[in-house]
Amino acid sequence: MDLRPALVPPGGRIGILGGGQLGRMLALAAARLGLSSHIYTDSADGPAQEVAAFTQIGRFDDTAALSQFAARCDVVTYEFENIPLAAIDAVLATRVVYPPIAALGVAQDRLSEKRFMQDLGLATAPFADVASQADLMAAIAAIGLPAILKTRRFGYDGKGQIVLRTLDDAASAFDQLGSVPAILEGMVPLAGELSVIAARSRDGQFASYDCPANVHRAGILHRSTVPSGMPLAVLDNARTMAERIAAALDYVGVIGVELFLHQDGRLLINEIAPRVHNSGHWTLDACLISQFENHVRAIAGWPLGSTRRHSDAEMVNLLGDDVADWHKLAGGYDTAVHLYGKRGAKPGRKMGHFTLIRPIS
Ligand SMILES: Nc1ncnc2c1ncn2[C@@H]1O[C@H](COP(=O)(O)OP(=O)(O)O)[C@@H](O)[C@H]1O
Ligand SMILES: [Mg+2]
């Protein structure tokens with residue numbers, strides 16, 4: 001059976017697995033193109049369903065419900081990484097899923113992700129597989145300290161990570177992390193962090209946005225700034241690396257590639273996100289066509305839209321109680337405020353973001 005989907009024309013239905021803020025912004029972008037979004041989520045009150053045409057609440061291990069959902073849609077995508085691959089398989093029985101499942105498989109496991117980069121000849125932080133406390137001690141002997149112990153799976157926003165500065169820190173670190181499969185990564189002395197946000201179409205057209213410089217706080221993205229102020233050669237190199245990754249995965253949709261700029265000038269791949277990315281939220285306000293719309297265009301088989309930036313931009317996340325400033329931010333003349341409609345501002349929870357815009361004259 002040829003599962004390549006037909007072009008999804010206006011009036012078509014985009015299926016989105018996951019109901020968070022990325023799903024919300026994808027659904028809004030789809031609506032602008034006359035496409036309707038159907039959300040599959042396991043949570044009754046997520047940010048996406050408020051702006052979608054239809055929502056099905058179900059578990060991600062309910063393959064029958066997932067197949068039923070897929071049958072309603074013309075093409076299906078996902079908006080978070082920790083979807084079980086079996087859920088994607090259930091959808092794939094009837095509909096195409098973009099980005100390809102192979103990209104999700106690579107991104108879900110930090111070890112396979114690092115090995116994938118190694119096979120492509122792309123540099124990463126030094127790393128070692130850690131399946132026991134003994135492995136951890138051997139990894140420290142090989143890589144040195146400081147280093148970071150990270151779970152192979154299910155980590156996000158700095159969760160599932162322990163920074164090890166001394167051997168004392170390491171003594172019970174494997175247990176502290178839950179005795180689950182992990183990797184040890186050497187701590188990279190950073191000159192900065194950047195990301196590539198890029199779209200790849202079904203026919204292999206690749207279009208990247210200007211790379212933002214990213215600042216994290218406690219492992220969570222705090223701020224993304226364009227222009228990044230980084231040397232052009234670094235930015236070109238980052239884009240070339242991202243294009244090679246996307247091509248190797250036969251990628252369709254928007255990809256986020258997080259990179260470290262080492263103090264010695266080398267660019268290292270940190271990780272990839274097979275979806276729209278928080279460090280690309282500024283594209284909503286500083287580009288004609290946002291990362292969200294370009295993701296929808298790519299998976300629906302439309303031409304990619306322009307990634308050109310018409311304004312300088314600085315995006316800041318609103319975490320937890322930061323969102324209490326909404327009224328003041330809404331009054332900022334150069335400020336675009338985006339709120340995700342979440343109830344309950346728990347510490348560290350992404351409640352919204354704002355973007356400061358300065359048009360390029
Ligand atoms: N090996 C490392 N060296 C230096 N900083 C790191 C390293 N790994 C992670 N970090 C810091 O922690 C942040 C979050 O780590 P990351 O591996 O991207 O996890 P997550 O999946 O939670 O985003 C990074 O953006 C960076 O600021
Ligand atoms: Mg990250």
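Atom set for the values below is all heavy atoms of this structure, side chains included, hydrogens, waters and symmetry mates excluded. In this text, all values refer to a predicted model and were calculated from it rather than measured experimentally. Counting convention: from 1, in listed order, for ligands and their atoms alike.
- Taking the six-membered ring for Trp, His281 and Phe292 have ring centres closer than 6.0 Å.
- Each protein N/O/S atom under 2.8 Å from the Mg ion (ligand 2) was counted, for a total of 2.
- The side-chain heavy atoms of His353 and Val316, taken from C-beta on, include no pair separated by under 4.5 Å.
- Considering Val254, Leu104, Val106, Leu249 as possible partners of Pro274, the one that fulfils the side-chain contact (heavy atoms from CB on, under 4.5 Å) test is Leu104.
- Residues satisfying the ring pair (Phe, Tyr, Trp, His ring centres under 6.0 Å) criterion with Phe174, sequence neighbours excluded, are absent altogether.
- Here the side chains of Val130 and Ile183 are not in contact, with every heavy-atom distance at 4.5 Å or above.
- The side-chain contact (heavy atoms from CB on, under 4.5 Å) test with Glu314 is passed by exactly one of Thr355, Thr335, Leu356: Leu356.
- Tyr209 pairs by the ring pair (Phe, Tyr, Trp, His ring centres under 6.0 Å) definition with nothing, not counting sequence neighbours.
- Checked against a 6.0 Å centroid threshold, the rings of Phe60 and Phe80 count as neighbours.
- Contact residues of ligand 1 (protein heavy atom closer than 4.0 angstrom to a ligand atom; sorted by chain and number): Arg110, Ile148, Lys150, Gly155, Tyr156, Asp157, Gly158, Gln161, Glu185, Gly186, Met187, Val188, Leu190, Glu193, His216, Gly219, Glu258, Phe260, Asn270, Glu271.
- Using the six-membered ring where Trp is involved, Tyr40 and Phe69 have ring planes that are perpendicular, over 60° apart on the 30 and 60° scheme.
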